[in-house]
Amino acid sequence: MSNYKEHRIAVIGAGVMGTNIAATAIGHGLPVVLVDVDEHVVEEARTTTLNHVRHAQLMGALPADRPLGTLTTSVSVEDAADTTAVVEAIVESPEVKAKLLTELSALVAAGTPLISNTSGIPIDELADWVTRPADLLGTHFMNPTYLIKMVEVIRGPRTGDAALESVADLLTAMGRQPVVVRDAPGFVTSRLLHPMLNDAARIVGAGTATVEDVDALMSGCLGHPTGPLRTADLIGLDNLADSLRVLHERTGDERCRPCDLLLDKVRAGHLGRKSGRGFYDYGKALS
Ligand SMILES: NC(=O)c1ccc[n+]([C@@H]2O[C@H](COP(=O)([O-])OP(=O)(O)OC[C@H]3O[C@@H](n4cnc5c(N)ncnc54)[C@H](O)[C@@H]3O)[C@@H](O)[C@H]2O)c1
């Protein structure tokens with residue numbers, strides 16, 4: 001049985017997913033060090049994370065019998081050194097992730113799992129950048145992390161049993177339910193979801209239907225919980241475009257080439273909920 005008191009994690013990247021993952025961990029009693037390179041992001045990160053915790057509490061998604069874990073925010077990756085696992089949740093760029101993982105690999109003790117929250121970069125590609133590939137694996141936490149219990153866990157060909165077991169124990173301590181899959185671009189969930197979101201945007205761009213009608217049809221006829229374009233806004237349109245590029249470059253699947261409407265929105269700074277406007281207008285930036 002997992003003991004939450006044995007875990008102390010660092011989360012690198014305090015954007016949409018970093019704050020979600022941190023909130024889920026502290027909500028289950030685990031101490032978290034949350035790091036970002038951007039000072040402004042770090043300043044906001046505590047409030048955003050605690051807002052997620054409050055939302056999770058209101059939804060009854062946290063255990064009532066555990067005190068909240070402590071939250072430490074920092075601009076220095078060095079503060080991840082003394083932790084039992086490190087979750088990387090920075091931008092979906094293979095180059096930027098490779099640089100960070102090399103740095104982390106030199107920083108943490110051997111046997112400390114290095115976890116990438118990539119949406120689709122194969123774990124074995126990232127494993128080339130760490131000194132101990134056996135310690136590296138992927139966890140594809142969903143958004144909002146504290147409400148979606150299931151987590152796709154990606155075992156790379158070089159991931160070791162010890163890292164896998166240790167991360168399964170960590171996820172259980174965080175109240176999550178792991179499902180382990182093999183390594184591939186986009187794994188299971190992004191490989192299925194992201195081309196569909198891109199197609200939804202393409203349909204709007206072609207003038208076939210409005211944003212609202214695409215979402216209404218996908219939700220009313222096909223049971224999608226929010227509609228694909230609301231989901232795209234929740235993910236962040238910059239992150240969606242980056243993830244699609246990763247998929248397109250590695251699979252050659254033309255459905256994964258980011259469509260013009262999506263790229264136009266990213267260029268205009270309309271990134272979805274996090275910027276206050278994407279396919280929908282939210283009036284202000286929402287976490
Ligand atoms: N947004 C989603 O719904 C979602 C869901 C599952 C997985 N993911 C994946 O999670 C990861 C994070 O996505 P996000 O949506 O939170 O992105 P985001 O753009 O909201 O946040 C990324 C953060 O990383 C920071 N950063 C960049 N380089 C850094 C570095 N070297 N060290 C520390 N911080 C750094 C940025 O300042 C930014 O605050 C990506 O790999 C993404 O594909 C996203």
Side-chain angles (χ1 to χ4, degrees), residues 10-24 33-49 52 73-80 86-105 107 114-123 125-126 129 138-148 150-154 176 185-194 197 225-226 228-247 250 256 258 266 269 271-276 278 285-287:
V11 179
I12 318 294
V16 171
M17 290 310 292
T19 54
N20 262 272
I21 296 164
T24 308
V33 179
L34 179 58
V35 179
D36 202 286
V37 279
D38 184 328
E39 276 179 25
H40 176 68
V41 170
V42 171
E43 271 165 32
E44 307 259 301
R46 176 172 297 276
T47 308
T48 309
T49 304
H52 290 324
T73 54
S74 169
V75 284
S76 170
V77 162
E78 309 266 311
D79 289 326
V86 182
V87 185
E88 165 284 299
I90 67 167
V91 282
E92 187 76 352
S93 153
E95 295 75 25
V96 182
K97 283 195 193 291
K99 190 163 174 288
L100 174 69
L101 286 169
T102 302
E103 200 179 338
L104 288 171
S105 183
L107 186 70
L114 284 180
I115 303 167
S116 176
N117 192 56
T118 174
S119 295
I121 305 167
I123 296 305
E125 194 177 312
L126 296 174
W129 299 95
T139 58
H140 191 194
F141 285 100
M142 296 290 136
N143 173 13
T145 308
Y146 48 89
L147 296 182
I148 302 180
M150 193 160 280
V151 178
E152 185 178 24
V153 173
I154 303 95
R176 302 306 91 184
F187 327 120
V188 175
T189 52
S190 300
R191 188 70 185 89
L192 291 169
L193 178 68
H194 287 194
L197 302 183
T226 60
L229 298 164
R230 268 194 200 286
T231 299
D233 274 358
L234 178 70
I235 289 172
L237 303 187
D238 50 347
N239 177 246
L240 177 60
D242 287 344
S243 303
L244 281 163
R245 261 186 226 105
V246 161
L247 277 173
R250 285 158 185 77
C256 297
V266 173
L271 307 181
R273 289 171 58 98
K274 66 182 172 186
S275 71
L286 301 171
S287 63

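Numbers here simply count residues along the sequence, with the first being 1. For ligands, and for the atoms within them, numbers begin at 1 and follow the listed sequence. Values below: every heavy atom of this structure, side chains too, minus hydrogens, waters and symmetry copies.
Between K97 and ligand 1, at least one N/O pair is under 3.5 Å apart. At least one N/O-N/O distance between M17 and ligand 1 falls below 3.5 Å. By the 3.5 Å distance cut-off applied to N or O atoms, D38 is not counted among the residues near ligand 1.
A salt bridge links K274 to D238: one of the charged nitrogens lies within less than 4.0 Å of a carboxylate oxygen. Here R245 does not pair with E92 in a salt bridge; the nearest charged N to carboxylate O distance is not below 4.0 Å.
Ring pair Y146/H52 is tilted by interplanar angle, where 30° to 60° counts as tilted.
In this structure, atom 3 (O) of ligand 1 lies nearest to the protein heavy atom N143 ND2, 3.2 Å. Protein heavy atom closest to atom 1 (N) of ligand 1, with residue, atom name and distance, is I235 O, 2.8 Å. Of the protein's heavy atoms, N117 O, 3.1 Å lies nearest to atom 9 (C) of ligand 1. Ranking protein heavy atoms by distance to atom 41 (O) of ligand 1, first place goes to E92 OE1, 2.5 Å. In this structure, the protein non-hydrogen atom closest to atom 37 (O) of ligand 1 is D36 OD1, 2.6 Å. The shortest contact between atom 32 (N) of ligand 1 and any protein heavy atom is with V37 CG1, 3.5 Å. If you check which protein heavy atom lies closest to atom 43 (O) of ligand 1, you get S119 OG, 2.6 Å. Looking from atom 40 (C) of ligand 1 to the surrounding protein, the closest heavy atom is I90 O, 3.2 Å.
Interatomic distance, CG of L104 versus NZ of K97, reported as 11.0 Å (0.5 Å rounding).
Ligand 1 lies nowhere less than 4.0 angstrom from a heavy atom belonging to G236. Residue contact check for ligand 1: K274 places a non-hydrogen atom closer than 4.0 Å to it. Ligand 1 has no atom lying under 4.0 Å from any heavy atom of E88.
Taking a cut-off of under 4.0 Å to the non-hydrogen atoms of F141, the atoms of ligand 1 that pass are 5 (C), 6 (C). Of all atoms in ligand 1, numbered sequentially from 1 with element shown, those under 4.0 Å from a heavy atom of V91 are 22 (C), 24 (O), 27 (C). Close contacts between ligand 1 and T118 involve ligand atoms 41 (O) [criterion: under 4.0 Å to a heavy atom].
Residues S105 and L114 meet the side-chain proximity criterion, which asks for heavy atoms closer than 4.5 Å. Side-chain contact between P94 and E125 is present, with at least one heavy-atom pair separated by less than 4.5 Å. The shortest side-chain heavy-atom distance between T139 and I154 does not fall under the 4.5 Å cut-off. Counting heavy atoms from C-beta outward, V75 and V35 have side chains that stay 4.5 Å or more apart. Contact of the L240 side chain with the L197 side chain is registered, since non-hydrogen atoms from C-beta on lie closer than 4.5 Å. The shortest side-chain heavy-atom distance between L107 and V77 falls under the 4.5 Å cut-off.
Residue contacts with ligand 1, taken as heavy atom pairs separated by less than 4.0 Å, involve V16 via backbone and side-chain atoms alike. With a heavy-atom cut-off of 4.0 Å, M142 does not touch ligand 1 at all.
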- So V33 and V11, side-chain contact (heavy atoms from CB on, under 4.5 Å) or not? Walk me through it. CA-CA 6 Å; V33 179; V11 179; over 6 Å; no
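Proximity of atom 17 (O) of ligand 1 to the protein is not indicated, since no non-hydrogen protein atom lies closer than 4.0 angstrom.
When V151, N20, N117 are each tested for a side-chain contact (heavy atoms from CB on, under 4.5 Å) with T145, only one passes: N20.
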